[in-house]
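Since this is a predicted model, take the numbers as computed values, not measurements. The chains referred to below are lettered A, B, ... by the order of the sequence lines, with proteins before strands, and numbering in each begins at 1.
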Number of protein chains: 2
Amino acid sequence: MPTETTTERQYSIGDFAKAVGLTAPTLRYYETEGLIEPHRLANGRRYYEEADINWVKFLLHLKGTGMSISELKQYVVWRAAGDDTIPERLELLKKVKADFLVQFNEVQHHLQILNDKINWYEEKESGITDDPESFRAYLDRFGHHE
Amino acid sequence: MPTETTTERQYSIGDFAKAVGLTAPTLRYYETEGLIEPHRLANGRRYYEEADINWVKFLLHLKGTGMSISELKQYVVWRAAGDDTIPERLELLKKVKADFLVQFNEVQHHLQILNDKINWYEEKESGITDDPESFRAYLDRFGHHE
DNA sequence: TGTTGACTTAAAGTGTACTTTAAGTAATAT
DNA sequence: ATATTACTTAAAGTACACTTTAAGTCAACA
């Protein structure tokens with residue numbers, strides 16, 4: 001039996017960019033920052049494989065939780081260093097999560113205020129809040145949001 | 001009976017900065033952007049009043065929902081133009097809210113992936129995930145996160 | 001009365017994350 | 001064969017939201 005070598009699909013930087021929802025320049029930028037390391041064809045052009053898609057998407061998820069490029073880079077460096085750095089990586093991700101949760105709570109509070117204001121404008125538009133009583137009620141509520 | 005003129009407290013820019021959790025330079029910057037318009041003492045120094053605290057805090061809530069400085073400025077301009085611009089203001093705030101909710105959902109998904117990864121590291125650290133079965137399970141879960 | 005600290009302005013600088021440009025090579029379509 | 005399109009690099013430019021600097025004024029305290 002010959003070894004079954006499933007030739008993996010090779011993506012040009014343009015096709016890969018579409019696949020992960022970034023631009024080619026952004027991918028090159030991420031590469032200079034050490035986040036990705038694509039392969040090269042004989043003519044010097046980059047190519048990416050399927051596995052790289054998952055990797056970039058995972059990076060974008062981490063980025064979406066608030067990790068900066070430099071934090072991502074640190075994570076990548078630790079990852080490349082092997083399993084010995086799992087504690088460091090775990091600590092970093094936990095810190096990111098903690099920061100995220102703080103932001104998440106704050107942002108929910110901001111939304112609450114935004115909703116209050118939208119409701120207030122809608123009441124005002126429909127003529128309800130021309131009476132000073134409900135305006136006072138609004139102010140009271142606002143006050144409690146600190 | 002003489003008119004009871006409760007003299008409002010006047011905040012210097014430094015004290016006001018502390019009160020709203022910003023720096024004096026940031027307050028001056030916001031002023032150049034048209035978000036705030038403090039009063040001036042005879043000697044040219046700015047002073048702020050209690051009502052300005054609520055105003056700035058409200059602006060910061062809006063900012064926290066994703067509004068840019070220029071959107072805040074637009075809001076302020078409309079506000080200064082009077083009640084005729086309530087529809088515009090309402091539309092802006094609704095757009096901000098809609099954008100916020102999209103981001104909010106995305107960010108929750110990012111958190112889910114982050115949590116998965118943290119759990120995976122913790123399992124791996126405690127030696128559970130050395131067996132290929134649960135690693136496959138992890139990969140499956142990961143796959144479903146797209 | 002001097003010196004410390006807070007204020008004033010305008011302008012330049014910073015950090016983050018890209019984005020764009022320039023100049024050139026290579027592959028594809030007509 | 002030629003024109004278009006995608007790629008290559010290094011470097012400069014952009015957007016946003018401040019932050020810092022410089023040079024000077026003003027008020028309060030020892």
Side-chain angles (χ1 to χ4, degrees), chain A residues 9-49 52 56-57 59-76 92 96 99-100 103 106-107 110, chain B residues 9-49 52 56-76 96 99-100 103 106-107 110:
Chain A
R9 178 174 169 194
Q10 297 181 343
Y11 292 82
S12 71
I13 193 167
D15 292 343
F16 188 73
K18 276 167 201 151
V20 299
L22 296 172
T23 66
T26 300
L27 287 171
R28 293 192 193 98
Y29 165 67
Y30 281 1
E31 190 180 335
T32 67
E33 293 302 317
L35 303 188
I36 336 167
E37 215 184 307
H39 315 273
R40 296 279 179 158
L41 296 171
N43 61 19
R45 294 192 176 183
R46 294 167 178 83
Y47 73 88
Y48 304 78
E49 290 171 356
D52 299 320
V56 170
K57 284 189 172 174
L59 285 180
L60 292 178
H61 281 305
L62 291 187
K63 188 163 180 295
T65 63
M67 277 180 84
S68 66
I69 298 288
S70 70
E71 281 173 328
L72 287 171
K73 183 180 186 168
Q74 176 63 80
Y75 181 84
V76 170
L92 174 57
V96 167
D99 292 352
F100 175 94
Q103 290 297 311
E106 286 178 9
V107 115
H110 298 320
Chain B
R9 179 176 168 192
Q10 297 181 343
Y11 291 82
S12 71
I13 193 168
D15 291 343
F16 188 72
K18 276 166 201 152
V20 298
L22 295 172
T23 66
T26 300
L27 287 171
R28 293 193 194 98
Y29 166 67
Y30 282 1
E31 189 179 336
T32 66
E33 294 301 318
L35 303 189
I36 335 167
E37 216 185 309
H39 316 272
R40 297 277 179 160
L41 297 170
N43 60 20
R45 293 192 178 184
R46 294 165 179 84
Y47 72 89
Y48 303 78
E49 290 171 357
D52 298 321
V56 170
K57 284 189 172 174
F58 174 63
L59 284 180
L60 293 179
H61 281 305
L62 291 186
K63 188 164 180 293
T65 64
M67 278 180 84
S68 65
I69 298 289
S70 70
E71 281 173 327
L72 287 171
K73 184 179 185 168
Q74 175 64 80
Y75 180 84
V76 170
V96 167
D99 292 352
F100 175 93
Q103 291 296 313
E106 286 179 7
V107 115
H110 297 321

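For S70(A), no side-chain nitrogen or oxygen approaches OP1 or OP2 of dT16(C) to under 4.0 Å. Contact annotation: S12(A) side-chain N/O to dC7(D) OP1/OP2 distance is under 4.0 Å. Regarding contacts with the backbone of dT9(C), a side-chain N or O of R40(B) is found under 4.0 angstrom from either OP1 or OP2. OP1 or OP2 of dT8(C) has at least one side-chain nitrogen or oxygen of R46(B) nearer than 4.0 Å.
Listed here is the closest heavy atom pair of Y29(A) and I69(A): OH-CG1, 4.1 Å. Closest non-hydrogen pair, Y47(A) versus P38(A), comes out as O-CB, 3.6 Å.
For the pair K73(A) NZ and dA17(C) P, the computed distance is 12 Å after rounding to whole Å. When the P atom of dT19(D) is taken as reference, atom CD of E33(B) falls 14 Å away, rounded to whole Å. Atom CG in L41(B) sits about 14 Å away from atom C1' in dT25(D), given to the nearest Å. Per the geometry, CD belonging to E71(A) stands 9 Å off P belonging to dA17(C), to the nearest Å. The interatomic distance linking Y29(A) (OH) with dT14(D) (P) rounds to 18 Å, in whole Å. For the pair F16(B) CZ and dA6(C) C1', the computed distance is 17 Å after rounding to whole Å. Here dA17(C) presents its P atom at 13 Å from CG of L60(A), a figure rounded to the nearest Å. Between the CG atom of L35(A) and the P atom of dC18(C) there is a distance of 9 Å, rounded to whole Å.
Salt bridge E31(B)/R40(B): present, at least one basic N to carboxylate O contact under 4.0 Å.
Using a 4.0 Å heavy-atom cutoff across all strands shown, Y30(A) reaches sugar-phosphate atoms only and no base atom. Heavy atoms of R28(A) sit under 4.0 angstrom from at least one base atom.
Nearest-nucleotide positions on DNA chain C for K18(B) and L22(A) put K18(B) closer to the 5' end. The residue among N43(B) and K63(B) whose nearest nucleotide of DNA chain D lies closer to the 5′ end is K63(B). Nucleotides of DNA chain D nearest to P25(B) and S68(B) differ in position, and the one nearer the 5' end is that of S68(B).
Put simply, the side chain of R28(B) reaches to within 4.5 Å of the side chain of R46(B), judged on heavy atoms.
The nucleotide whose nearest atom lies closest to any side-chain atom of T26(B) is, among dC18(C), dC18(D), dA6(C), dC18(D). Which of dT25(D), dA6(D), dA17(C) sits closest to the side chain of R45(A) comes down to dA6(D).
A donor-acceptor pair is defined here as one N or O able to donate and one able to accept, closer than 3.5 Å; such a pair exists between the side chain of D52(B) and the backbone of E49(B).
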